[in-house]
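As a basis for the values below, the full set of heavy atoms in this structure was taken, side chains included, without hydrogen atoms, waters or symmetry mates.
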Protein chains: 2
Amino acid sequence: MRCRQMARTPKIRNMEQFAEASGLSRPTVSKFFNDPNSVRPSTRKKIEEALERFDYRPNIYAINQNRRLTKTIGIVVPYLSDPFFGEMVRNLEQKCVAAGYSPSLFSSNGSAEHEGKIFDALRSMKPSGVLLAPLGRLSNQDAVAAFCQDVPTVLFDSNIKDVGMAFVGSDNAQFTTLMVEYLYRSGEPPALLEMKTPPNPNSRKRRQGYINSMKDHGLEPEIVQIDGEGWALEDIGYEGGLRALASGAFKSRTVLCSNDRLAIGFLAACHEKGLKVGLAPDADIRVAGQDDHPFSRFTYPQLTTIAQDYDAISSRSVEVLLESVKSETTTEVRPDTFFEGKLIMRKSA
Amino acid sequence: MRCRQMARTPKIRNMEQFAEASGLSRPTVSKFFNDPNSVRPSTRKKIEEALERFDYRPNIYAINQNRRLTKTIGIVVPYLSDPFFGEMVRNLEQKCVAAGYSPSLFSSNGSAEHEGKIFDALRSMKPSGVLLAPLGRLSNQDAVAAFCQDVPTVLFDSNIKDVGMAFVGSDNAQFTTLMVEYLYRSGEPPALLEMKTPPNPNSRKRRQGYINSMKDHGLEPEIVQIDGEGWALEDIGYEGGLRALASGAFKSRTVLCSNDRLAIGFLAACHEKGLKVGLAPDADIRVAGQDDHPFSRFTYPQLTTIAQDYDAISSRSVEVLLESVKSETTTEVRPDTFFEGKLIMRKSA
DNA sequence: CCTAAATGTTTACGCGCGTAAATAATTAGT
DNA sequence: ACTAATTATTTACGCGCGTAAACATTTAGG
């Protein structure tokens with residue numbers, strides 16, 4: 001069908017033949033592929049020369065069949081088309097490759113059932129470890145816990161208590177506390193806009209952070225909860241925001257959204273209602289988000305938010321995972337890392 | 001280290017043991033796993049019962065070692081964190097699974113070198129086929145062509161002439177023609193804003209569509225090209241837009257951007273310059289995009305654009321690939337499919 | 001109820017590689 | 001230069017499964 005053979009040299013089909021072509025025995029060649037430095041320099045040179053002539057590559061399936069663990073790391077996120085996770089994955093990928101592992105990408109697409117299938121697929125892949133951002137509230141908690149028993153897993157972004165070898169994410173309560181402090185000082189304390197049933201557990205922490213910091217200032221928390229299920233957060237923020245604005249739900253003229261995607265939808269709702277958003281004296285409302293979503297720089301007005309430290313979270317996640325993969329020992333206390341967010345002051349609040 | 005054994009039943013380690021436990025021979029069980037309908041119903045029942053008791057799963061590596069082609073389909077995109085590709089991948093994934101294949105995701109992250117590494121990885125994975133959205137101009141054209149010789153590949157989104165088994169994408173010239181027609185009728189003909197060196201080949205087609213349709217109306221094309229390299233299109237649109245606006249580059253007060261991401265950045269530049277964007281009589285400028293990017297509904301004002309038919313493109317891509325994978329025959333003429341875009345009239349133009 | 005055809009099952013072998021143990025070659029110390 | 005310690009290479013076996021060919025069973029037709 002398709003032309004394959006270059007017919008320059010007899011095609012090498014396996015390591016045996018390749019070893020023969022390099023004038024060595026197969027196990028020596030095998031050793032080379034596992035670690036080029038484990039063979040004598042002269043031997044290494046022989047192989048590398050042969051490699052150029054024959055462009056042979058070991059059969060990964062045959063390799064992995066005999067390994068208890070493969071040099072693979074699974075990366076699982078709830079939604080790949082969410083630029084936040086997209087960025088996250090890109091960072092994680094890079095770091096895995098740098099450490100000599102092949103990342104394998106999966107997206108649960110907001111479905112616990114699909115998340116479960118991914119677990120099954122990963123189990124049979126025998127990965128060295130898995131970096132998992134679970135769906136959260138929607139996850140089948142037992143399935144996640146069971147999976148973490150089978151495969152060394154580091155959770156990131158959204159936490160599930162006592163599951164996995166470690167957790168790396170943000171200090172969500174701090175996010176909200178920081179933002180409330182800023183909004184209070186720069187004008188008036190905010191109302192909190194969030195989903196009634198958020199898909200992501202971080203929202204709970206953020207709500208708690210909001211309530212606490214409002215109380216610390218002797219202020220009455222004002223929480224506006226909107227309906228909606230799933231991960232179409234912009235839509236939910238838009239629809240819910242529209243309804244909330246129409247019913248005059250907000251006492252405060254400053255609204256802190258539980259996350260940037262909600263805020264992006266809410267901004268659209270504000271515009272729809274003809275409200276002027278921003279810092280200017282003639283503005284009707286201030287809006288802030290949390291996450292520093294890649295698009296928050298391009299909203300109108302540009303979204304004031306709290307920046308997640310993408311790089312720190314991804315670096316730490318990979319670091320912690322590889323550490324515990326190498327040491328093979330389970331530490332008694334699960335090491336959790338929470339990074340602080342940075343206030344990003346833009347035009348919207 | 002970690003507790004694994006449930007100790008409910010002796011752990012099954014391979015198909016041999018599982019066959020024994022089901023009271024059958026291994027090859028029969030093997031046949032079942034390849035096609036559950038290929039064994040007698042009574043036999044099938046036996047296995048399915050045993051499956052519940054022992055939750056055994058065949059070793060994928062051992063399976064794939066012996067197959068010439070694996071039941072895998074590679075999906076490669078230039079940028080996974082671009083929501084457009086994210087959505088695309090989600091669609092493609094679903095359709096592959098529905099057809100009984102396991103999709104494997106890769107992102108070139110805008111680097112030809114990385115794209116090349118992905119090709120190598122895919123080659124050794126022996127996938128049944130690959131769905132590839134190449135980097136485009138930045139791709140190593142020879143590497144792409146060579147890869148398509150080795151593995152049955154369907155290109156999508158961005159075309160490379162005569163490479164791969166088929167191409168599925170949009171009729172980019174039609175996009176621009178349609179939009180120019182609308183903008184002309186609803187006010188005034190647009191200037192085209194594009195990158196001087198766009199990473200994506202679609203831009204060329206769009207430019208040509210713009211020039212042609214302007215000329216068809218007896219109008220003089222007005223093309224404003226901005227600097228910038230890579231895939232940070234919003235940034236490029238913003239920075240370049242800022243400079244273009246400052247230098248009074250636009251004669252027309254209607255700007256058609258080469259794509260939505262550029263438009264999103266350009267909108268931010270307009271706001272920065274204090275321009276009122278939109279349809280209203282008192283607006284300073286109209287802005288339109290192309291692609292119907294997931295975020296274009298949430299810009300301010302909401303972006304008027306041309307919708308890519310995500311679903312049609314992804315469906316057709318998978319369909320064409322599976323077809324040619326099954327038939328094993330290479331058709332003489334490469335079947336290319338170009339879907340038309342639909343005009344989405346929103347508030348920005 | 002018998003025979004031929006169809007279908008299901010078993011035997012036997014090979015895939016491409018990892019790896020322990022045995023052996024050979026190299027290096028270091030005297 | 002010679003022996004001991006070190007490192008490199010080879011021999012030999014097994015991993016978990018696919019699959020052809022041989023064999024056994026079931027089904028259909030008369």
* Structure fact -> Rounded to whole Å, the CG-P distance (B:Asn59 to C:dG18) equals 14 Å
* Contact class for B:Arg26 vs. all strands (heavy atom < 4.0 Å): base, sugar-phosphate, or nothing? -> base
* Check the distance between C:dG16's P and A:Glu20's CD and give it to me in whole angstrom. => 14 Å
* **Whole-Å distance separating the CZ atom of B:Arg67 from the P atom of C:dG16** => 16 Å
* Partners of B:Lys45 by salt bridge (Lys or Arg N to Asp or Glu O under 4.0 Å), sequence neighbours excluded? -> none
* Asked: Of all the choices, C:dT10, D:dT10, C:dG16, which nucleotide is nearest to the side chain of A:Asn14 once you look at every atom?
  -> C:dG16
* NA contact type, A:Phe33, heavy-atom cut-off 4.0 Å: base, sugar-phosphate, or nothing? -> nothing
* To do: Rounded off to whole Å, could you give me the OH-to-P distance for the A:Tyr61 and D:dG18 pair?
  => 14 Å
* Which part of the nucleic acid, if any, lies within contact of B:Tyr56, taking any heavy atom under 4.0 Å across all strands shown: a base, the sugar-phosphate backbone alone, or nothing? -> sugar-phosphate
* Could you check if a side-chain atom of B:Lys117 sits within less than 4.5 angstrom of a side-chain atom of A:Val97, using non-hydrogen atoms only? => no
* Structure fact -> Between CD1 of B:Ile63 and C1' of C:dG16 the distance, given in whole Å, is 16 Å
* Structure fact -> By side chain to side chain donor-acceptor pair (under 3.5 Å), B:Ser111 pairs with (sequence neighbours left out) none
* Can you check whether A:Ser30 has a side-chain N or O nearer than 4.0 Å to OP1 or OP2 of C:dG18? -> yes
* Nucleotide D:dT19, atom P - distance to CG of B:Leu69 in whole Å -> 12 Å
* DNA chain C contacts among residues 35-49 of chain A, heavy-atom distance under 4.0 Å -> A:Arg40
* Asked: Counting side-chain heavy atoms from CB outward, which of D:dC17, C:dG8, D:dT10 is closest to B:Lys31?
  -> C:dG8
* To do: If the plane angle is over 60° it's perpendicular, under 30° parallel, otherwise tilted; pick one for A:Phe18 and A:Phe33.
  => tilted
* Structure fact -> Atom CD of A:Gln65 and atom C1' of D:dG18 are separated, to the nearest Å, by 11 Å
* In terms of ring plane angle, is the pair A:Phe119 and A:Phe147 parallel, tilted or perpendicular, where the classes change at 30° and 60°? -> parallel
* Using a strict 4.0 Å threshold on nitrogen-to-oxygen distance, state whether A:Arg90 and A:Glu87 make a salt bridge. => yes
* **Proximity to the side chain of B:Ala62 - top-ranked nucleotide from C:dG16, D:dC17, C:dG8** => D:dC17
* Could you state the atom-to-atom distance from CE of B:Met15 to C1' of D:dT19 in whole Å? => 12 Å
* A:Arg53 with A:Glu49: basic N within carboxylate O range, under 4.0 Å -> no
